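Note that the structure is a prediction, hence the values are computed from the model and not measured.
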Amino acid sequence: MADYRTIKAEPLTNAIRAIVKAGGSSDREAELVSTNLVEANLKGHDSHGVGMIPRYVSSVTTGGLALNQHVKIVLDTGPLLTLDGLTGYGQVIGHEAMELAAERAKQNGVCLVGLSNSHHIGRIGHWAEQCIDHGLVSIHFVNVISRPIVAPWGGSDGRHGTNPFCVGIPRRGKDPIVLDFATSRIAQGKTRVAHNKGVELEPGTIIDNEGKPTTNPRYTVIPPHGAILPFGEHKGSGLALVCEILGGALSGGQVVKGPSDGKYNVLNGMLSIIIDPGKLGTGENLAREVESFVAWHTGSPPAPGVDKIKIAGEPERETKKKRLAEGIPVDPTTWQEILEAGKKFGLDQAAIEKIAG
């Protein structure tokens, strides 16, 4: 960690906000983007954090990411919403989509929302947490339209994206359950982080451009490209297939049909089911039974080398507490890429360094 710089959350948010605003975004858009990205870093998901800014800037400058867009309602029947993200910042589109969905779920007990054409929607757990803040359970299936980077089980090249799956469950007076994972062995952004750090990946994570096993992350970052393997063998691959179809097609969007078109953008489709346990008549039952199972689940005697049994979402909360106190580590390559991205929007390096402290 010697080469890392550690930046506190507030000045890092200020620096990212300044870059986004310099690109032409409104104050609200710059706020939503910067706070979302830094929150991902705080929770230990550096793959979805401020390191995305260089990619966003490239997408803006090449026309793949449209500024100051708002979610467009294509269909609204109350419990059913079909939304178009108009290739706007996913941090804005996702936020607006979940607010609409939460409102409908509170009215009708449930909302099924299909969101298409959002630019990179970021950490999906963020949207589950937004629903949890409304006291709602949510389930999310997501697909990725970009360069296909994940191989199907038994395949030797990339055929789809990392296709996340996420579930959020609120708990009364206690930290919620947030299950959020890519259906690939590792998130693509984590391979970018490894490449920037100059570290190898775990064996069995990726294959090279010839379909052979490798631990060198360059094969997911620079040509010739290899692919990330699915998690859980055929099971993860099957879930990725479902996420592609539900998140991409049933949402009203598109699915991966071939190689990348070469544009420097990432589009997401997301099918979300948002449920109000109170309206379902099972709120009290859920609250009681969740605590019963969590107690039983976490009561398992820890295996050697394990300090305690955790629930989904707990590691992220622990990391956030630590990083709020100590700061967020940013590797030199990522920081330099952020500075260069700011320069493309007319902010010089000294200005960003000053804001970041």
Side-chain angles (χ1 to χ4, degrees), residues 1 4-23 25-60 65 67 88-96 98 118-130 132-133 164 166 168 175-176 178 180 187-190 192-193 196-197 266 268 313 315-342 345 347 349 351-357:
M1 297 289 283
Y4 281 64
R5 62 183 300 155
T6 303
I7 309 173
K8 288 282 191 174
E10 189 177 352
L12 183 57
T13 305
N14 294 340
I16 299 304
R17 187 191 298 113
I19 293 171
V20 176
K21 195 175 173 186
S25 289
S26 67
D27 287 347
R28 177 179 177 272
E29 181 159 280
E31 177 69 16
L32 285 172
V33 173
S34 58
T35 53
N36 177 292
L37 293 178
V38 172
E39 180 70 10
N41 286 109
L42 284 171
K43 293 204 162 152
H45 293 279
D46 295 331
S47 55
H48 291 68
V50 298
M52 288 302 301
I53 277 294
R55 185 153 194 179
Y56 291 173
V57 170
S58 293
S59 294
V60 170
L65 167 51
L67 300 178
Y89 267 113
Q91 290 76 8
V92 174
I93 301 301
H95 176 80
E96 292 180 352
M98 291 304 101
S118 171
H119 197 265
H120 185 245
I121 209 164
R123 184 179 69 92
I124 309 306
H126 193 95
W127 312 122
E129 288 160 2
Q130 188 177 336
I132 285 165
D133 287 343
C166 178
D175 289 325
V178 182
D180 175 21
Q188 184 181 358
K190 285 186 166 67
R192 184 194 73 245
V193 170
N196 285 352
K197 288 181 183 176
V266 182
N268 287 125
E316 286 84 353
R317 288 188 288 271
E318 290 174 352
T319 302
K320 181 175 180 178
K321 186 178 178 183
K322 185 172 187 284
R323 288 187 169 186
L324 276 173
E326 299 174 4
I328 295 165
V330 182
D331 70 84
T333 305
T334 298
W335 184 245
Q336 190 56 42
E337 288 175 352
I338 290 170
L339 294 176
E340 287 167 10
F345 280 171
L347 283 180
Q349 182 166 335
I352 300 168
E353 291 280 12
K354 187 178 179 183
I355 296 168

Item to check | Which residues share a side-chain hydrogen bond (donor to acceptor under 3.5 Å, both in side chains) with Thr35, sequence neighbours left out | outcome: none

Checklist entry - Testing Leu37, Val38, Ile355 for side-chain contact (heavy atoms from CB on, under 4.5 Å) with Thr13, which one passes? => result Val38

Checklist entry - Between Val20 and Tyr89, which heavy-atom pair has the shortest distance, and what is it? => result CG1-OH, 3.9 Å

Checklist entry - Charged N to carboxylate O below 4.0 Å: is that the case for Glu337 and Arg192? => result no

Checklist entry - Do Trp127 side-chain atoms and Cys166 backbone N/O form a donor-acceptor pair below 3.5 Å? => result no

Checklist entry - Listed by chain and number, what are the side-chain hydrogen bond (donor to acceptor under 3.5 Å, both in side chains) partners of Lys321, not counting sequence neighbours? => result none

Item to check | Listed partners of Lys197 passing salt bridge (Lys or Arg N to Asp or Glu O under 4.0 Å), at least two apart | outcome: none

Checklist entry - Among all residues two or more places apart in sequence or in another chain, which pass the side chain to side chain contact (heavy atoms under 4.5 Å, CB included) test with Leu32? => result Arg28, Val92, His95

Checklist entry - Which heavy-atom pair separates Ile328 from Ala9 by the least distance, and what is that distance? => result CD1-CA, 4.2 Å

Checklist entry - Which distance, rounded to the nearest 0.5 Å, do you find between the NZ of Lys43 and the CZ of Arg317? => result 7.5 Å

Checklist entry - Which residue pairs pass the salt bridge (Lys or Arg N to Asp or Glu O under 4.0 Å) test with at least one member in residues 11-20, sequence neighbours excluded? => result Arg17-Glu31

Item to check | More than 12 heavy atoms of other groups within 6.0 Å of Glu10 CD | outcome: no

Checklist entry - Looking only at heavy atoms, which two atoms of Ile132 and Pro176 are closest? And how far apart? => result CD1-CB, 3.6 Å

Item to check | Option passing side chain to side chain donor-acceptor pair (under 3.5 Å) with Glu39 (candidates Lys320, His126, Arg123) | outcome: Lys320

Item to check | Test side chain to side chain contact (heavy atoms under 4.5 Å, CB included) applied to Glu353 - qualifying residues, sequence neighbours left out | outcome: Arg5, Trp335, Leu339, Gln349

Checklist entry - For Lys21, which residues count as a salt bridge (Lys or Arg N to Asp or Glu O under 4.0 Å) partner, sequence neighbours excluded? => result Asp27

Item to check | For Glu316, all residues meeting salt bridge (Lys or Arg N to Asp or Glu O under 4.0 Å), sequence neighbours excluded | outcome: none

Checklist entry - Can you tell me how far OG1 of Thr333 sits from CD1 of Ile338, rounded to the nearest 0.5 angstrom? => result 11.0 Å

Scan the side chains in residues 47-56 for donor-acceptor partners under 3.5 Å anywhere in the protein, sequence neighbours excluded, and list what turns up.
| from | atom 1 | to | atom 2 | distance (Å) |
| --- | --- | --- | --- | --- |
| Arg55 | NH2 | Ser146 | OG | 3.2 |
| Tyr56 | OH | Gln91 | NE2 | 3.0 |
| Tyr56 | OH | His120 | ND1 | 2.6 |

Item to check | Check against side chain to side chain contact (heavy atoms under 4.5 Å, CB included), Leu324 and Leu42 | outcome: CA-CA 7 Å; Leu324 276 173; Leu42 284 171; 3.9 Å; yes

Next on the checklist: So which atom in Val178 and which in Ala128 form the shortest heavy-atom distance, rounded to 0.1 Å?
Outcome noted: CG1-CB, 4.4 Å

Item to check | Partner set under salt bridge (Lys or Arg N to Asp or Glu O under 4.0 Å) for Glu318, not counting sequence neighbours | outcome: Lys308, Lys310

Checklist entry - Partners of Lys354 by side-chain hydrogen bond (donor to acceptor under 3.5 Å, both in side chains), sequence neighbours excluded? => result none

Checklist outcome for this item: Residues passing the side-chain hydrogen bond (donor to acceptor under 3.5 Å, both in side chains) test with Asp46, sequence neighbours excluded, are Asn41, Arg323

